[in-house]
Amino acid sequence: MNKQLLIGLTLTLGLVGCASKQSEPSMDLADSRWYMTSDFYNIADIKLPAFTLEENENGFKISGTTGCNNFFGQAEWDGKQLKVNQPIGMTRKICGDMANKIEMEFVQALEQSLVSDGENLRLNNGAMFKRVPKS
């Protein structure tokens, strides 16, 4: 009887271990491009933030646009969250009111990690980034 119980516990623990590994989303971010969907701002006539990630010895080089200015910096990926190291470098062009608002919110949101849902990256303000398909 004890032998059957031991076998049952071993199988149960093995299956639980496998299930927990499969449920964890993980993405390969090397050399990927991302764009903010228009769902968050619901606007069609303005350029939205976008960025690329290039793997390097320190994690990832991140560079892109805020929708008006260009930015660049370094980021780290832990398999679930992308943390952009602060401060980031940025150009300083004058933009329109809506572009300035989006830029300010985007840059502030980059101070927190972008969180993965297994397919997309989401900022803490709710804005979502989708991967640009490789052509």
Side-chain angles (χ1 to χ4, degrees):
M1 185 79 155
N2 287 338
K3 186 175 182 179
Q4 289 176 335
L5 181 60
L6 183 59
I7 291 171
L9 285 172
T10 303
L11 288 174
T12 302
L13 289 174
L15 291 174
V16 168
C18 290
S20 67
K21 287 182 184 175
Q22 290 174 352
S23 65
E24 293 178 11
S26 183
M27 297 185 294
D28 178 18
L29 299 184
D31 302 319
S32 59
R33 296 183 307 159
W34 299 83
Y35 69 95
M36 182 186 284
T37 66
S38 60
D39 303 340
F40 187 73
Y41 288 106
N42 278 332
I43 51 176
D45 61 341
I46 195 163
K47 188 176 177 184
L48 292 172
F51 61 88
T52 60
L53 295 169
E54 296 176 25
E55 197 165 15
N56 62 26
E57 64 277 355
N58 298 318
F60 291 93
K61 173 187 171 191
I62 185 171
S63 59
T65 179
T66 65
C68 177
N69 284 288
N70 296 324
F71 72 94
F72 55 91
Q74 190 65 29
E76 299 169 18
W77 173 245
D78 70 4
K80 293 180 184 179
Q81 296 183 358
L82 181 70
K83 173 75 174 150
V84 178
N85 299 339
Q86 298 296 320
I88 59 172
M90 190 175 344
T91 59
R92 296 287 178 203
K93 293 189 291 187
I94 297 174
C95 309
D97 289 341
M98 182 54 109
N100 279 335
K101 176 184 182 317
I102 292 170
E103 177 176 90
M104 182 185 71
E105 289 177 6
F106 173 67
V107 170
Q108 286 175 345
L110 284 181
E111 293 175 3
Q112 304 295 316
S113 296
L114 286 91
V115 179
S116 165
D117 66 7
E119 230 177 90
N120 305 302
L121 295 172
R122 189 173 300 274
L123 290 171
N124 67 337
N125 69 0
M128 184 171 56
F129 284 84
K130 289 189 175 273
R131 186 188 295 254
V132 175
K134 290 187 178 184
S135 44

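Heavy atoms only: backbone and side chains are in, while hydrogens, waters and symmetry mates are out. For the single chain, residues carry numbers from 1 onward in sequence order.
- In this pair, W34 and F51 present their aromatic rings parallel. The plane angle is below 30°, not in the 30 to 60° band.
- Side-chain contact check for F129 versus P49: some heavy-atom pair is nearer than 4.5 Å.
- Proximity of a side-chain donor or acceptor of T91 to a complementary backbone N or O of N70 within less than 3.5 Å is detected.
- Counted within 6.0 Å of NZ on K47, heavy atoms from surrounding residues, nucleotides or ligands total 12 or fewer; the atom is thus considered open.
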Self-check item: L53 vs L82, side-chain contact (heavy atoms from CB on, under 4.5 Å): CA-CA, chis, key distance, verdict
Solution: CA-CA 10 Å; L53 295 169; L82 181 70; 4.0 Å; yes
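- Atoms OG and NZ, from S113 and K80 in turn, are 12.5 Å apart once rounded to the nearest 0.5 Å.
- Residues N124 and A109 share a closest heavy-atom pair of OD1-CB, 3.3 Å.
- Heavy-atom minimum distance, Q74 versus G59: NE2-N, 3.6 Å.
- At least one side-chain heavy atom of N85 sits under 4.5 Å from a side-chain heavy atom of E76.
- Looking at Q108 and N125, their side chains never bring a donor and an acceptor atom within 3.5 Å of each other.
- Looking at heavy atoms from C-beta onward, F60 lies in side-chain contact with L29 at the 4.5 angstrom threshold.
- Side-chain contact check for L110 versus L123: some heavy-atom pair is nearer than 4.5 Å.
- Atoms NZ and CD, from K83 and Q112 in turn, are 6.0 Å apart once rounded to the nearest 0.5 Å.
- In this structure, L114 and V84 have side chains that are in contact, with non-hydrogen atoms separated by less than 4.5 Å.
- With values rounded to the nearest 0.5 angstrom, R92 atom CZ is found 10.5 Å from C68 atom SG.
- Considering all non-hydrogen atoms of both residues, S116 and G118 come closest at OG-N, 2.9 Å.
- Checking R131, M36, Q81, M27 one by one against L121, the side chain to side chain contact (heavy atoms under 4.5 Å, CB included) holds for a single residue, M27.
- For the pair T37/N120, no side-chain contact is recorded, criterion being any heavy-atom separation below 4.5 Å from C-beta on.
- Listed here is the closest heavy atom pair of I102 and T66: CG2-O, 4.1 Å.
- Taking the salt bridge (charged side-chain N to carboxylate O under 4.0 Å, His left out) definition, one finds that E105 meets it with K101, sequence neighbours left out.
- Grouping the Ile, Leu, Val, Met, Phe, Trp and Tyr side chains by contacts below 4.5 angstrom, directly or via other members, places F40 with M98.
- Shortest non-hydrogen contact noted between D117 and E119 is OD1-N, 2.8 Å.
- Atom CG of N56 has more than 12 heavy atoms from other residues, nucleotides or ligands within 6.0 Å.
- Annotation for V132 and Y35: closest pair CG2-CD2, 3.7 Å, computed over non-hydrogen atoms.
- Taking CE of M128 as the start and OG of S38 as the end, the distance is 9.5 Å to the nearest 0.5 Å.
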